[in-house]
Participant: 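Structure provided below as C-alpha cells; questions to follow.
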Amino acid sequence: MSMCHHRVTMNVREACSSRPSASLPNARIIMQRCLSARLQVKPSSNDSDAEWVNIAEGCVVYICFLKGATLETVEKMASIVLNVKLSETADKNVSILDLPGSLLIIPQATLGGKVKGKTMQYHYNIEKHAGLGLYTEFVRLCRQAMESSVIGKEAGCTVKHGTYGNRQVLSVETNGPYTHYFEF
C-alpha cells in the first residue's frame, strides 16, 4: 500500500468515526446524461485566463461523500457509475462504457445537506481532507476503467473532473434531462 493511499485510509477512518446514524447513506451521486458539458475549474485572474474542462456526449456525475464513506464505498460507486445501463441507444440501454461516452465528475457537497427549519445544514458531510482523498480515488478508478475500455478508447472518451472544495461554473447541454440519483 502506498504511503499516500495509507494516509487517505487513516484520514477516512478518523473522519468516519463520529458517524451520527447507521440509517444515513455514506455517499450520494446524481448522474445526468449530456450531449456536452463544460466546467470552469479555475477562474480568470489578472495573470491568467479561466481554465475549463469539457466533455462531449456522456454523463455529468455529481458526487458527495458523507461521514461513514470508505474506500469500499468508492469502489461500489465507481462500479455503478461505469456499469449501470442508463444510456439509451436505438435498441437498448447501455452503460457509459458501452455507449461510449465521457464522464465529467463534479464534487457536490450540497448533496449532503439536510433541511432544518428554513435552512440547510451539512453536518453529515465528510471532513474535507478525507473527502478529497475519496474523490481522488473515485476519479482514478473511473479514469482507469475508461482507459481500459476498447470502445471508449476508440471513441476518444475521457474522464474530466472538477476541483474538490471549490465553487465552479458549469454549463450542461442535455437531451432530456435524463437524471438518476443513487445513495450508497
Participant: Between Ile29 and Phe138, is the side-chain contact (heavy atoms from CB on, under 4.5 Å) condition met? List the steps.
Facilitator: CA-CA 12 Å; Ile29 284 182; Phe138 180 82; 4.2 Å; yes
Participant: To the nearest 0.5 Å, what is the distance between OG on Ser36 and CD1 on Ile55?
Facilitator: 8.0 Å
Participant: Would you say Ile105 and Leu132 are hydrophobically clustered, going by side-chain heavy atoms of ILVMFWY under 4.5 Å?
Facilitator: yes
Participant: Do Cys64 and Leu66 come close enough that some side-chain heavy atom pair is under 4.5 Å?
Facilitator: yes
Participant: Under a 4.5 Å cut-off applied to non-hydrogen side-chain atoms, are Val81 and Met31 in contact?
Facilitator: yes
Participant: Taking C-beta and beyond as the side chain, do Val169 and Trp52 meet within less than 4.5 Å on heavy atoms?
Facilitator: yes
Participant: Is there a side-chain contact between Asn26 and Thr70, using heavy atoms and a 4.5 Å cut-off?
Facilitator: no
Participant: Would Ile63 and Ile126 show up in the same hydrophobic cluster when neighbours are defined by side-chain heavy atoms closer than 4.5 Å?
Facilitator: yes
Participant: When rounded to the nearest 0.5 angstrom, what distance separates CG in Asn93 from CG in Leu99?
Facilitator: 10.5 Å
Participant: Are Val61 and Ile106 side-chain neighbours, meaning at least one heavy-atom pair lies under 4.5 Å?
Facilitator: no
Participant: Within the 4.5 Å heavy-atom criterion, are Leu82 and Leu103 side-chain neighbours or not?
Facilitator: yes
Participant: What verdict does the side-chain contact (heavy atoms from CB on, under 4.5 Å) test give for Met120 and Thr110, after you've listed the backbone C-alpha separation in whole Å, the side-chain angles of each residue and the deciding distance to 0.1 Å?
Facilitator: CA-CA 9 Å; Met120 292 296 289; Thr110 59; over 6 Å; no
Participant: Do any N or O atoms from the side chain of Gln40 and from the backbone of Pro43 form a donor-acceptor pair under 3.5 angstrom?
Facilitator: no
Participant: Hey, could you give me each pair passing side-chain hydrogen bond (donor to acceptor under 3.5 Å, both in side chains) that has a residue in residues 144-154? Not counting sequence neighbours.
Facilitator: Arg140-Gln144
Participant: Could you see if Leu35 belongs to whatever hydrophobic cluster contains Leu170? Use Ile, Leu, Val, Met, Phe, Trp, Tyr and a side-chain cutoff under 4.5 Å.
Facilitator: no
Participant: Answer yes or no: is there a side-chain heavy-atom contact under 4.5 Å between Lys76 and Phe182?
Facilitator: no
Participant: Which pairs with one or both residues in residues 25-46 pass salt bridge (charged side-chain N to carboxylate O under 4.0 Å, His left out), sequence neighbours excluded?
Facilitator: Arg28-Glu183, Arg33-Glu57, Lys42-Glu51
Participant: Let me check something: do Ile80 and Val159 share a hydrophobic cluster, defined by ILVMFWY side-chain heavy atoms less than 4.5 Å apart, either directly or through other members?
Facilitator: yes
Participant: With rounding to the nearest 0.5 Å, note down the distance linking CG in Leu39 to OG in Ser171.
Facilitator: 10.0 Å
Participant: Whether the side chain of Ser95 engages the backbone of Asn83 through a donor-acceptor N/O pair (distance < 3.5 Å, no angle test) should be reported.
Facilitator: no
Participant: Is the CG atom of Asn46 crowded by more than 12 outside heavy atoms at less than 6.0 Å?
Facilitator: no
Participant: For residues Val53 and Tyr164: do they belong to one hydrophobic cluster (side chain heavy atoms under 4.5 Å, members Ile, Leu, Val, Met, Phe, Trp, Tyr)?
Facilitator: no
Participant: Measure from the side-chain N and O atoms of Tyr135 to the backbone N and O of Phe65, and report whether any donor-acceptor pair falls under 3.5 Å.
Facilitator: no
Participant: Please say which of Lys160, Gln32, His161 ends up in a side chain to side chain contact (heavy atoms under 4.5 Å, CB included) with Leu104.
Facilitator: Lys160
Participant: Checking Gln121 against His123: is there a side-chain donor and acceptor pair closer than 3.5 Å?
Facilitator: yes
